[in-house]
Amino acid sequence: MYLTIEKIQKSFVNDRKENVKVLDGINLNVKKGSFVSIVGPSGCGKSTLLYLVAGLDKADSGEIRVNGDLVTKPGPERVVVFQEAGLFPWLTVLENVTYGLNLKKMPKEEAKAKALDVLKMVHLSKYVNSYPHELSGGMKQRVSIARALVMEPDILLMDEPFSALDEQTRMVLHKELLDIWRKTKVTIFFITHNIREAVLLSEEVVVFATRPGRIKEIIPVPTMKDGVTPDSVTLNTEQRILSILQEEIEKVLKEEIGDDYSFKTDHLHRGDSGDMGSHI
Ligand SMILES: Nc1ncnc2c1ncn2[C@@H]1O[C@H](COP(=O)(O)OP(=O)(O)OP(=O)(O)O)[C@@H](O)[C@H]1O
C-alpha cells in the first residue's frame with residue numbers, strides 16, 4: 001500500500017474547554033495512483049484527516065505513512081488544493097505557478113518551462129500573464145491545481161476544491177481532473193460534500209460516520225471496461241452511499257436542532273446536482 005493511515009486518533013479542545021474526540025481509530029489504505037473520495041456528515045473530521053495526511057497537523061496517536069515513510073510534517077510529495085484558490089493577487093498566473101519552484105531554487109528557465117507545461121494541461125496557456133482578479137472562479141481553481149501539479153506531487157490532497165464553483169464549471173473541471181489523473185497517475189485524496197461528484201470521479205468512496213469521525217464503509221465505484229459508466233450504475237452507487245449516510249445525517253440534525261427535531265431523513269433527497277447541502 002502506498003498511503004497507509006493506521007489507528008489515527010485526534011481530539012480538539014472546544015470553546016467550552018472540553019476535549020472533543022474528532023477522529024476515532026481511522027484505518028485506511030490507499031493504493032498508488034488511485035482516486036479516493038471521502039464523504040460524510042458536516043463536522044465528521046474529513047478535513048482534519050486531510051490536514052494530518054498533509055502534515056499540517058499532528059494526530060494524538062496512530063501513524064500515517066507514504067511509501068513507508070512516516071508523515072511528520074508537510075512535504076513536496078503531498079500537496080493540498082483548497083476550496084479557495086488562495087492565489088497571490090499581486091503575481092501573474094505564471095508567477096503564482098512558479099512560486100513554489102522558486103522557493104526550491106529551481107533555475108528560472110526550468111521553472112518557467114515546467115509551469116507552462118502544467119498551465120497547458122489545465123488549458124490556461126492564454127492566461128499566463130493575467131492576474132487572479134482577471135480570472136473566473138473556475139480559472140482561479142485551475143491555477144491552483146496547476147500550482148499543485150507543478151511540484152510533481154505523489155499525492156494530491158483536495159479539500160472540496162470545486163464546491164464554490166457553479167455546476168457547469170464544476171462539470172468541466174471534473175473532466176479535466178480525470179484527464180490529469182490519467183495522464184500524471186498522481187494519487188488523489190478528495191474530500192467532497194457532493195455524493196455524485198465522489199461517484200463520478202473516484203474509484204472508491206470512503207463514507208464517514210460522525211461524532212467521533214470513523215470510517216463507516218468503503219464503497220467501490222463500478223467502472224465499465226469501456227470507461228463509460230451507465231447513469232443507472234452511477235445512480236445506484238449514489239443511492240447506496242446516501243442510504244449509508246442517512247443515519248449519520250439524522251444524528252447531526254438531531255444534535256443541531258435538538259428538541260425541535262421532528263422529521264426523518266427519508267424526506268431528504270440529494271439535489272439534482274448530487275449535493276446534500278450543509279449536512280454532509
Ligand atoms: N483547530 C481546531 N480546533 C478546535 N476544533 C476543531 C479544529 N479543527 C476542527 N475542529 C472541529 O473538529 C470537527 C471536525 O472538523 P472538520 O473540519 O475536520 O470536519 P469536516 O468533516 O471536514 O466538516 P465540513 O464537511 O463541514 O467541512 C468539527 O467539530 C470542528 O469544529
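Any value given below was found using the heavy atoms of this structure, including those in side chains, with hydrogens, waters and symmetry copies removed. Only a predicted model underlies this, so the values are computations on that prediction, with no experimental measurement involved.
V13 places none of its side-chain heavy atoms less than 4.5 Å from the side chain of V20. Taking 4.5 Å as the limit, every side-chain heavy atom of T237 sits out of range of all side-chain heavy atoms of I195. Within the 4.5 Å cutoff, no side-chain heavy atoms of K7 are placed close to those of E63. When side chains are defined from C-beta on, K10 does not count as touching L49, because their heavy atoms never get closer than 4.5 Å. Residues V233 and N236 form no side-chain contact, since every pair of their non-hydrogen atoms from C-beta on lies 4.5 Å or further apart. Proximity of S163 to T192: side-chain heavy atoms (C-beta onward) are nowhere separated by under 4.5 Å. When side chains are defined from C-beta on, D159 counts as touching Y51, because their heavy atoms get closer than 4.5 Å. Proximity of W181 to F190: side-chain heavy atoms (C-beta onward) are nowhere separated by under 4.5 Å.
Crowding of K112 atom NZ: a count of heavy atoms from other residues, nucleotides or ligands under 6.0 Å not exceeding 12. Heavy-atom contacts from other residues, nucleotides or ligands closer than 6.0 Å to CE of M106 number more than 12.
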Name every donor-acceptor pair, under 3.5 Å, that has one atom in a side chain of residues 199-215 and the other anywhere in the protein, sequence neighbours excluded.
| from | atom 1 | to | atom 2 | distance (Å) |
| --- | --- | --- | --- | --- |
| S202 | OG | S37 | OG | 2.9 |
| S202 | OG | A198 | O | 2.3 |
| E203 | OE1 | F35 | N | 3.0 |
| R211 | NH1 | E255 | OE1 | 2.4 |
| R214 | NH1 | T210 | O | 3.2 |
| R214 | NH1 | P212 | O | 2.6 |

Taking only distance into account, with no hydrogens and no angle test, what donor-acceptor pairs under 3.5 Å do side-chain atoms of residues 130-158 form with protein atoms, sequence neighbours excluded?
| from | atom 1 | to | atom 2 | distance (Å) |
| --- | --- | --- | --- | --- |
| S130 | OG | Y127 | O | 3.4 |
| E134 | OE1 | Y131 | N | 2.6 |
| S136 | OG | M139 | N | 3.2 |
| Q141 | OE1 | S144 | OG | 3.1 |
| Q141 | NE2 | F82 | O | 3.0 |
| Q141 | NE2 | Q83 | O | 2.9 |
| Q141 | NE2 | P161 | O | 2.6 |
| R142 | NE | V122 | O | 3.2 |
| R142 | NE | E176 | OE1 | 2.8 |
| R142 | NE | E176 | OE2 | 3.3 |
| R142 | NH2 | E176 | OE2 | 2.9 |
| R147 | NH1 | G86 | O | 3.0 |
| R147 | NH2 | A85 | O | 2.8 |
| E152 | OE2 | K114 | NZ | 2.9 |
| D154 | OD2 | Y2 | OH | 3.2 |

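A pairwise comparison of heavy atoms in I8 and A59 identifies CD1-CB, 3.8 Å as the closest pair.
Residues E160 and K46 are not paired through a salt bridge, judged by the lack of any N-O separation under 4.0 Å between the basic side chain and the carboxylate. Between D179 and K175 there is a salt bridge, since a side-chain N of the basic residue sits under 4.0 Å from a carboxylate O of the acidic one.
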Does the side-chain hydrogen bond (donor to acceptor under 3.5 Å, both in side chains) test come out yes or no for T92 and N129, once each step is laid out? CA-CA 5 Å; T92 63; N129 295 319; 5.1 Å; no
Let me see the working for R65 and L3 under side chain to side chain contact (heavy atoms under 4.5 Å, CB included), right down to the final yes or no. CA-CA 6 Å; R65 289 180 184 270; L3 165 65; over 6 Å; no
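Summarising the geometry, atom CZ belonging to R170 is positioned 9.0 Å from atom CG belonging to D166; distances are rounded to the nearest 0.5 Å.
In the hydrophobic clustering of this structure, I180 does not group with V80; members are Ile, Leu, Val, Met, Phe, Trp, Tyr whose side-chain heavy atoms approach within less than 4.5 Å, directly or through other members. In the hydrophobic clustering of this structure, V53 does not group with I188; members are Ile, Leu, Val, Met, Phe, Trp, Tyr whose side-chain heavy atoms approach within less than 4.5 Å, directly or through other members. Residues V118 and V79 share a single hydrophobic cluster, defined by chaining ILVMFWY side chains whose heavy atoms lie under 4.5 Å apart.
Between T4 and N29, the side chains place no donor N or O within less than 3.5 Å of an acceptor N or O (distance only, hydrogens not considered).
Residues satisfying the ring-ring contact (aromatic ring centres under 6.0 Å, His included) test with Y99, not counting sequence neighbours, are F88.
Checking side-chain atoms of T169 against main-chain N and O of L165 turns up no donor-acceptor pair under 3.5 Å.
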